[in-house]
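What follows is a single structure, written as structure tokens, with notes after it.
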Amino acid sequence: MKAFQYTRATTQQSAIDAIAKPGTKIIAGGTNLIDLMKRGVIAPDKLVDINQLPLNSISVNKLGHLHIGALALNSAVAEANLVKDLQPLLAMALNAGASPQLRNMATVGGNMMQRTRCAYFYDTTMPCNKREPGSGCGAIGGYNRMHAIFGASDKCIAVHPSDMCVALAALDATVTVSGRKGQRLIPFTEFHRLPGEHPEMDNTLAAGELITGISIPNNNFAKNSYYLKIRDRQSYAFALTSVAAALEISNGTIKQSRLAMGGVAHKPWRLFDAEKALIGKPATEESFKQAAEIAMQGAKAYEYNKFKLKLAPATLVEALKHAAGLV
Ligand code: SF4
């Protein structure tokens, strides 16, 4: 590993000033960053530890909006009664991620900033446009079993690895970021980006901006929501496909729905058209199958991930059945 400087930021402004300099990275839980540094995927000159900043609160405002600081631990958020009562979908998604030990170290902001787990990205002997722009993509003609079926480009077909982010995309969360120009809000669905011509850019954070927290608006989804993750083993594995499903049901009819998929795209994949198709429909398996058909429009598989074309709609139907209380 390349030698680097390490400092602790004691104020938000000092962290923002520090990361404005090229070659400087923020460290919080370090659960992905340290792996990347050990493997030589990234080699920062300086790490700025932000763990002393007061950004770990979990609270609800008068409107019922849930606010979570960027440094709140994944395990603390998943176990918070406020989260379990108001946004159980988020707690479910968090508990589906990584392992208890990792959830005890990983922060909400770090979870959002984690990099893809594409094996070619981590193997510095292989071409990878995300790690080294212009070098090519080892996965397109390689072993692409874990890769995207939506929104990929001819430069990159990687998927975003987070479970938490799939729930936050479904729940219309907002990200608060601070930089030298002040504070701004980013809709969660616009925080991560598709690869396009620039797969090296995972998100829409500007240089020198720091995530300070997320907010989830009040909703009526607590009773009928479910996070379903399909993976190769029951723990400590990334999603082959996952679905965050949230429904508001009145007298058996769907009034509102929010749906997002994980393991299928470079960002949490929100299913706006399928959501619309469910409104006013009975909460039945038949309605869910129709929504799944709509959700899969435009899907494109590669040599080794064709199974996702069947697995993704099946995951969606199953998650909706759980959310609706049919199973
Ligand atoms: Fe790199 Fe993306 Fe290709 Fe993986 S899919 S090798 S991350 S460019």
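Excluded from the calculations below are hydrogen atoms, water molecules and symmetry mates; all remaining heavy atoms, backbone and side chain alike, are included. First listed ligand is number 1; within each ligand, the first listed atom is number 1. In this text, all values refer to a predicted model and were calculated from it rather than measured experimentally.
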Does Gly138 have a non-hydrogen atom less than 4.0 Å from ligand 1? yes
Would you say Cys137 has an N, O or S atom lying under 2.8 Å from atom 3 (Fe) of ligand 1? yes
Looking at Lys84 and Glu79, does any basic side-chain N land under 4.0 Å from a carboxylate oxygen? yes
Against heavy atoms of Asn129, which atoms of ligand 1 measure under 4.0 Å? 1 (Fe), 8 (S)
Is it the side chain (CB and beyond), the backbone, both or neither of Lys155 that lies under 4.0 Å from ligand 1, heavy atoms counted? backbone
Ion pair check, Glu286 and Lys281, cut-off under 4.0 Å: no
What residue and heavy atom of the protein are closest to atom 7 (S) of ligand 1, and at what distance? Cys128 SG, 3.6 Å
NZ/NE/NH1/NH2 to OD/OE distance under 4.0 Å, Arg270 and Asp172: yes
Contacting atoms of ligand 1, where contact means under 4.0 angstrom from a heavy atom of Ala139: 5 (S), 6 (S)
Shortest protein heavy-atom distance from atom 2 (Fe) of ligand 1, along with the residue and atom involved: Cys156 SG, 2.4 Å
When you check the gap from the basic side-chain N to the acidic O, do Glu200 and Lys130 get nearer than 4.0 Å? no
For Lys229, is there an ion pair with Asp163 - N to carboxylate O distance below 4.0 angstrom? yes
If we set the cut-off at 4.0 Å for heavy atoms, which region of Ala158 has an atom near ligand 1: side chain, backbone, both, or neither? both
heavy-atom search around atom 6 (S) of ligand 1 in the protein gives Tyr120 CB, 3.4 Å
Using 2.8 Å as a strict upper limit, say whether an N, O or S atom of Cys118 approaches atom 2 (Fe) of ligand 1 that closely. no
Taking 4.0 angstrom as the limit, do Lys2 and Asp45 come out as a salt bridge? yes
Would you call Glu293-Lys289 a salt bridge at under 4.0 Å N-O? no
